[in-house]
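Here the structure is laid out as structure tokens; the discussion comes afterwards.
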Amino acid sequence: VLHGFCMYGAFQGAILLLTKIIPESWFNLQNSQSSSLLGGSMAFAIIYTVLIAPVCEETIFRGLVLTIFDGKLPKWLGILISALVFALIHLPSPIAFIYTLTLGVVLGFVRYRTKSLVPCVLAHIIFNATNYLLFLPLNIGLYVVLALSLPFIIYSVIDIVRKTRG
């Protein structure tokens, strides 16, 4: 879960830097798709995206799909295919595709490492919930996400370095 939150913060920082490169139309498409989610009811959209979608999507993509591929494909390939299909259902927004492909790969590795869907669901809930911070004006939410993520980024880098040394 910590590595997943770290990935989210790092990815938000990368998106902030890429805003000069990524076409503005991609962001406009993502924003219009997010604001029109489920007929415009913000309360229902939050409940759906923060609770219902993570449970359903993790059950399908990290539960069912990875179980089907387990033993039939190399783990990395099963994770990649699962993440790709997960990302494809989030089209037409290229931003959502990039987010969900990255999230799908990370959560696939979390699933294999922990042998449980619980950390995947929790990380997915945190990922979706923090997206609502991005609707705050003047990019305040983005800076909050990055500030909250910084300790996790530092922890994850130290943890990864420690595990690759030993």
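Keep in mind that this is a model prediction, so the values were computed, not measured. This chain uses plain numbering: 1 for the first residue, then up along the sequence.
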Contact between [X] and [Y] at the side-chain level, heavy atoms closer than 4.5 Å - yes or no?
| X | Y | answer |
| --- | --- | --- |
| Val65 | Val85 | no |
| Arg111 | Thr67 | yes |
| Thr59 | Leu64 | no |
| Tyr112 | Leu66 | yes |
| Ile89 | Glu57 | yes |
| Leu84 | Phe97 | yes |

Give a yes or no on whether Phe69 and Leu77 share a hydrophobic cluster (residues Ile, Leu, Val, Met, Phe, Trp, Tyr; joining criterion: side-chain heavy atoms under 4.5 Å apart).
yes

Answer with yes or no whether the hydrophobic clustering places Ile68 together with Leu117; edges join I, L, V, M, F, W, Y residues whose side-chain heavy atoms lie under 4.5 Å apart.
no

Between the SG atom in Cys120 and the CD1 atom in Ile125, the distance rounded to the nearest 0.5 Å is 11.5 Å

Rounded to the nearest 0.5 Å, what's the gap from CZ on Phe61 to CD1 on Ile79? Could you check?
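So the CZ of Phe61 and the CD1 of Ile79 are separated by 15.0 Å.
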
Is it the case that the side chain of Thr114 and the backbone of Val110 share a donor-acceptor pair, with hydrogens and angles ignored and the cut-off at 3.5 Å?
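The answer is yes, because a donor-acceptor pair under 3.5 Å joins these two groups.
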
What are the two closest heavy atoms between Ala83 and Gly104, and how far apart are they?
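Smallest interatomic distance, heavy atoms only, reads CB-C, 3.5 Å.
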
Looking at Phe86, I'd like to know if the NZ or CZ of Arg62 sits under 6.0 Å from its six-membered ring centre while staying within 45 degrees of the ring's axis.
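Flagged: Arg62 positioned over aromatic ring of Phe86.
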
